[in-house]
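Reading through the structure tokens given below for one structure.
Side-chain atoms are counted along with the backbone in the values below, which use heavy atoms only and exclude waters and symmetry mates. Here is how names work: the chains are called A, B, and so on, in the same order as the sequence lines, proteins then strands, and each is numbered from 1.
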Amino acid sequence: MHVGRVEVAVEAGGGTTVRPVGGAARPAGDLAEAVREFERDSPRWVWADTRVVYPGLLDAGLRVSRCHDLFLTEGLLLAAEGRSGEPRSAEAAYARLHGLPVPDERGVEVAGAQETLFEPARKDAAAAVSPSDLVREVHEDQRRRIAAHRDPARFGLLVAAESAGALIAAEMSHDGMPWREDAHDALLTDLLGPRPAHGMRPAKLQHLADQVSAAFGHPVNPDSPQQIVKAFKAAGSAVPSTRSHVLKQVDHPAVAPLLAYKELARLFSFHGWVWADQWVKGDRFRPEYVVAGVVSGRWATSGGGALQIPKVMRRAVIADDGWSLVVADAAQLEPRVLAAMADDRGLARAAGEIDLYAALAQAFGGVRESAKIALLSAMYGGTSGDAPKLLSVMRERFPQAYALVEDAAKSGEQGKLVHSWLGRTCPPPSHQWRELITSSQGARAARDRGRFTRNFVVQATAAEWALTMMAVLRGHLPHPAHLVFFQHDEIIAHTPAPLAGEVAAAVHHAAAEATRLLFGPTPVRIPMEIATVTSYADAK
DNA sequence: AACGGCAGCGCC
DNA sequence: AAAGGGCGCTGCCGTT
């Protein structure tokens, strides 16, 4: 199979220019036509921004196998060059290349209107260049910068995985996650009562709110932490906050209805009927994913709250008739990633087992929970409870893994940058931090950043493992199975039921392949827990 | 009326 | 002595 590169530039008028790398640019009336023509060779499509270009192709029923996203790559490169936060758009990259005024990233409209892609550049000094020359020059520049990276092979893998993520995010938004509106409505009605009129509380919520007021003997808004704190104080049960774990310690008749209210109110306002009206259409939930929306490379969402779906709501995620959901979860991903990164023999041996913490228990007095606390404290910077004692065991028994996170923390405390395994770089400390660090609060600021960088190296590497796994999986799914959800270390595929076994096999393959691509030969295994279900709620 | 910080809590 | 990482989203409430 020939795998070349084809650059694509979308003109302001909606026309398209394509240029096979090494060849000549030519107009291609319609991007879909160009994709139909070239895609049989599985080229790597080079374009300014997947969010702008790809949705139209998906609407036309087309998919591409790989791409190079200039926007996301620019973000990776800028961070690696210690310039996080500078505008990442191709226009901005072009302007920097030529010393021109750099357009603001916010000026780029990404709502799917192709016309707007080059508008900001047109308003600025980059206006003179044709879109196809802009794509060509920025692409060449990025390839130079990737080649100049201290580890181009790893960094190139990261660039490819990030770009694959952009394709997958667009495809997931296009396909949507199965979400049965009738099941969701039934679930809400069961928990809250029938859908209320606009601006009203559901019956059960109103009843609980009334019980809270009755318990205090006067009207109290259960949504107002201030009023709650005041009411408890007046009742002789002062509380420092209204967090549920605080309230649970209080002996007062308002506590029970208040806690019940808080739990249900959240479901009502976050994932209730109004939410469904906005985000669920035709039994599909279509969130907006933001690839690399988190500095660690994790995805974020810009709407729909897809990464915070409460477990109880998973009952509404139901496969189509005759189809299944294959729910796959990378178990204990972060400690395994730490073991592989640190090449720590003892930890890596434990990470060859299905239950890593159980395998470590022996080192921690035979207590699995202690092993878990030790590892989590090492990765998060925890110091409460038994953590200090358990961390000293960790330092003794798993010195290389311990040193890796300690070094990351020390670098952070000193204001240095740290990197993931493939070369994602954390942002530099803020200006305020640099001022704070010399003040009386300096020690605290240093510790806070140390915890951030300590966690960054592990979380970012876990994120790139997951991205790589997903990219491999995407290429191995049997048609018409497709990915419908991704949440940090968990992936869901929607598949005709008879193909579920093939999908599961593809998941196992993808996990092993991602581990090999990132870490090469290692005793560490990153096993996937897979459940084939009709409803997401039945996984786990 | 619009905006933004905060509290609180859901997910990993 | 204690001290936990990353997000998004909502309603409240003070500010403009």
[X] and [Y] ion-paired at < 4.0 Å:
X      : Y      : value
A:R424 : A:E162 : yes
A:E413 : A:K410 : no
A:R195 : A:D277 : yes
A:D223 : A:K262 : no
A:K204 : A:E263 : no

Measure [atom1]/[X] against [atom2]/[N] and give the value in whole Å, please.
X      : N      : atom1 : atom2 : value
A:H245 : B:dA7  : NE2   : P     : 14 Å
A:L258 : B:dG8  : CG    : P     : 11 Å
A:F268 : B:dC9  : CZ    : P     : 19 Å
A:L259 : B:dG10 : CG    : P     : 11 Å
A:W299 : C:dG8  : CH2   : C1'   : 16 Å
A:Y289 : C:dG8  : OH    : P     : 14 Å
A:F452 : C:dG6  : CZ    : P     : 6 Å
A:K262 : C:dT10 : NZ    : P     : 17 Å

>> Measuring to OP1 and OP2 of C:dG8, would you say a side-chain N or O of A:S302 lies under 4.0 angstrom away?
In response: no
>> Side-chain N or O of A:N221 versus OP1/OP2 of C:dC12: is the shortest distance under 4.0 Å?
In response: yes
Using a heavy-atom cut-off of under 4.0 Å over every strand shown, decide if [X] touches base, sugar-phosphate, or nothing.
X      : answer
A:Q487 : sugar-phosphate
A:F270 : base
A:G293 : nothing
A:R449 : nothing
A:L267 : nothing

>> Centroid distance below 5.5 Å plus an interplanar angle below 30 degrees: do A:Y380 and C:dG4 meet both conditions?
In response: no
> Do any of residues 223-234 of chain A sit with a heavy atom less than 4.0 Å from DNA chain C, and if so which?
Replying inline: A:D223, A:S224, A:Q226
>> Defining pairs by Watson-Crick or G-U wobble geometry with both distances under 3.5 Å, how would you list the stems of DNA chain C with at least three pairs each?
In response: B:1-12 with C:5-16
>> Is a donor from one side chain sitting under 3.5 angstrom from an acceptor on the other, for A:D355 and A:Q332?
In response: yes
>> For A:E396 and A:Y402, which I'm curious about, is there any donor-acceptor pair between the side chains at under 3.5 Å?
In response: no
Look at the side chain of [X] against the base of [N] and say whether a donor-acceptor pair falls under 3.5 Å; ignore hydrogens and angles.
X      : N     : value
A:R243 : B:dC9 : no
A:S377 : C:dG4 : no
A:R266 : B:dC9 : yes

Of the options [options], whose atoms approach the side-chain atoms of [X] most closely?
X      : options               : result
A:T242 : B:dC12, B:dG8, B:dG10 : B:dG8
A:A300 : C:dG6, C:dC12, C:dC7  : C:dC7
A:S241 : B:dG8, C:dG6, C:dA3   : B:dG8
A:R451 : C:dG4, C:dG8, B:dC12  : C:dG4
A:S269 : C:dT10, B:dC9, C:dG4  : C:dT10
A:T301 : B:dC12, C:dG5, C:dC9  : C:dC9

In terms of ring plane angle, is the pair [X] and [Y] parallel, tilted or perpendicular, where the classes change at 30° and 60°?
X      : Y      : answer
A:F216 : A:F232 : perpendicular
A:W421 : A:F519 : tilted
A:W279 : A:F285 : perpendicular

> Are A:L157 and A:L518 close enough that some pair of their side-chain heavy atoms sits under 4.5 Å apart?
Replying inline: yes
